[in-house]
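Reading through the structure tokens given below for one structure.
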Amino acid sequence: MADQASTTQRAATPPGVAPALAETGRGTRFTPRGHPVITGINRVGLYSLYIKEVRRFLKVQTQTIWAPAVTTLLFLVIFSVALGREGREVLGVPFASFVAPGLIVMGMMQNAFANSSFSLLSGKIQGTIIDLLMPPLSPGELMAGIVAAAVTRAIAVGCTVALAMVLWPGVTLHLAHVWAIAWFGLMGSVMLALFGLATSIWAEKFDHNAAITNFVIAPLSLLSGTFYVIENLAPAFQAVSRANPFFYVISGFRYGFLGESDIGPASAVAWAAAGIGAFNLVLALIVYAVLRSGWKLKS
């Protein structure tokens, strides 16, 4: 009977989780101290953290999804009325069709930052940070769950904004290069989610988070070629724009719809795609190292 129970217990153990009981001559006992019960990736914990973060922003979706979509649509209306009169064209398309892809991915990036920057900061302020640090989640799993939830919110906002813009008169969105839309949209969301997580680790109050949003994220977003092509700028300002990673995300995302970009020819867009991927990898390693050190989280 003991052998049968042991066999049944091993068969019911999920993948990646070691048996919690060890056989002895006297029966069974708990795994000795120092022997990990969970091995490999904690899939259950990672999924639970992801669902928790997703449900958190879905509970207030009016504020987290619909409000950003309306704000982005207002940008389109205002700039189209102010700059798109008299049939003005940019990159061979009407101004409204030129600016729409940039507004979509800008909304995605800003909301990815907003979601991940709130996760740890709210726990530190409310005293519930222990709920994220105590569960058996590695720093990599904690980072992956928060970033994945932020990207999910970004995709939801992007789809909502895109649907609204497709229905808006004067805007035409063609899928010229689907890979560019998917890659630059994903990489832009991941980049801002990582920035947000780093901000959440560093910040000690909501004022710190607001300072990064207002003085770093907003300027980089608005000065990234969303509403203009950098060829219209002086050479010095063109160089500054090309040093802005937001510029490559927005221009590459626009390339996916228009087939044209101020990055350059198709080969330049491909190099930009590789570069933004490498940049995100380095950023992820830095955020992982900071998260693993417990800086401003465990002190």
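All of these numbers come straight from a predicted model, not from anything done at the bench.
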Calculate, to the nearest 0.5 Å, the distance between atoms [atom1] and [atom2] belonging to [X] and [Y] respectively.
X: Ser221; Y: Met106; atom1: OG; atom2: CE; value: 6.0 Å
X: His208; Y: Ser200; atom1: NE2; atom2: OG; value: 13.0 Å
X: Thr226; Y: Ile104; atom1: OG1; atom2: CD1; value: 11.5 Å
X: Leu220; Y: Ile250; atom1: CG; atom2: CD1; value: 9.5 Å
X: Leu121; Y: Trp202; atom1: CG; atom2: CH2; value: 10.0 Å
X: Asp207; Y: Ile212; atom1: CG; atom2: CD1; value: 12.0 Å

Over all atoms of both residues, closest heavy-atom pair of [X] and [Y]:
X: Ala112; Y: Ala154; result: CB-CB, 4.0 Å
X: Ser261; Y: Val269; result: CB-CG2, 4.3 Å
X: Ala193; Y: Ser116; result: O-OG, 2.8 Å
X: Ala203; Y: Lys124; result: O-NZ, 2.6 Å
X: Phe279; Y: Met191; result: CE2-SD, 3.6 Å
X: Asn214; Y: Pro219; result: O-CD, 3.3 Å

Could I get the full list of salt bridge (Lys or Arg N to Asp or Glu O under 4.0 Å) partners for Glu53, not counting sequence neighbours?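 For Glu53 the salt bridge (Lys or Arg N to Asp or Glu O under 4.0 Å) partners, ignoring immediate neighbours, are Arg56.
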What residues, two or more places apart in sequence or in another chain, satisfy salt bridge (Lys or Arg N to Asp or Glu O under 4.0 Å) together with Arg292?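 Expected list: none.
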Indicate yes or no: at least one non-hydrogen side-chain atom of [X] is less than 4.5 angstrom from one of [Y].
X: Asp262; Y: Tyr228; result: no
X: Leu91; Y: Val229; result: yes
X: Val216; Y: Phe195; result: no
X: Pro68; Y: Gln110; result: no
X: Arg254; Y: Val105; result: no
X: Val249; Y: Ile276; result: yes
X: Phe253; Y: Tyr248; result: no
X: Leu73; Y: Leu76; result: yes

Consider only side-chain heavy atoms of I, L, V, M, F, W and Y, link residues closer than 4.5 Å, and tell whether [X] and [Y] are in one cluster.
X: Tyr255; Y: Leu175; result: yes
X: Ile130; Y: Ile125; result: no
X: Val166; Y: Leu103; result: yes
X: Trp168; Y: Leu74; result: no
X: Val171; Y: Met108; result: yes

Would you find a donor on one side and an acceptor on the other, under 3.5 Å apart, between the side chain of Glu141 and the backbone of Asn42?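 Yes; at least one donor-acceptor contact below 3.5 Å.
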Using only atom types and a distance under 3.5 Å, with no angle test, would you say the side chain of Arg153 pairs donor to acceptor with the backbone of Thr64?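 Judged by distance alone, yes, a pair lies under 3.5 Å.
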Heavy atoms from other residues, nucleotides or ligands near CZ of Phe75 exceed 12 (cutoff 6.0 Å):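 Open.
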Over 12 non-hydrogen atoms of neighbours within 6.0 angstrom of CZ in Phe237: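 No, not enclosed.
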Test side chain to side chain contact (heavy atoms under 4.5 Å, CB included) applied to Phe184 and Trp179, step by step: CA-CA 8 Å; Phe184 285 103; Trp179 73 266; 4.3 Å; yes
Pair Ser224, Asn244 - check side chain to side chain donor-acceptor pair (under 3.5 Å), show working. CA-CA 7 Å; Ser224 58; Asn244 181 2; 4.9 Å; no
List the steps, then state whether side chain to side chain contact (heavy atoms under 4.5 Å, CB included) holds for Phe98 with Phe227. CA-CA 8 Å; Phe98 164 81; Phe227 306 103; 5.9 Å; no
Only one of Asn111, Ile146, Leu192, Val190 forms a side-chain contact (heavy atoms from CB on, under 4.5 Å) with Val151, so which one is it?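 Considering Asn111, Ile146, Leu192, Val190, a side-chain contact (heavy atoms from CB on, under 4.5 Å) with Val151 is found only for Val190.
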Might you work through the side chain to side chain contact (heavy atoms under 4.5 Å, CB included) test for Lys296 and Val290, ending with a clear yes or no? CA-CA 9 Å; Lys296 289 200 172 185; Val290 174; over 6 Å; no
What verdict does the side chain to side chain contact (heavy atoms under 4.5 Å, CB included) test give for Leu132 and Leu49, after you've listed the backbone C-alpha separation in whole Å, the side-chain angles of each residue and the deciding distance to 0.1 Å? CA-CA 8 Å; Leu132 292 174; Leu49 174 61; 3.6 Å; yes
Tell me whether the guanidinium CZ or amine NZ of Arg242 lies under 6.0 angstrom from the six-membered ring centre of Phe247 and within 45° of its axis.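 Because its charged atom misses either the 6.0 Å distance or the 45° angle limit, Arg242 does not stack over Phe247.
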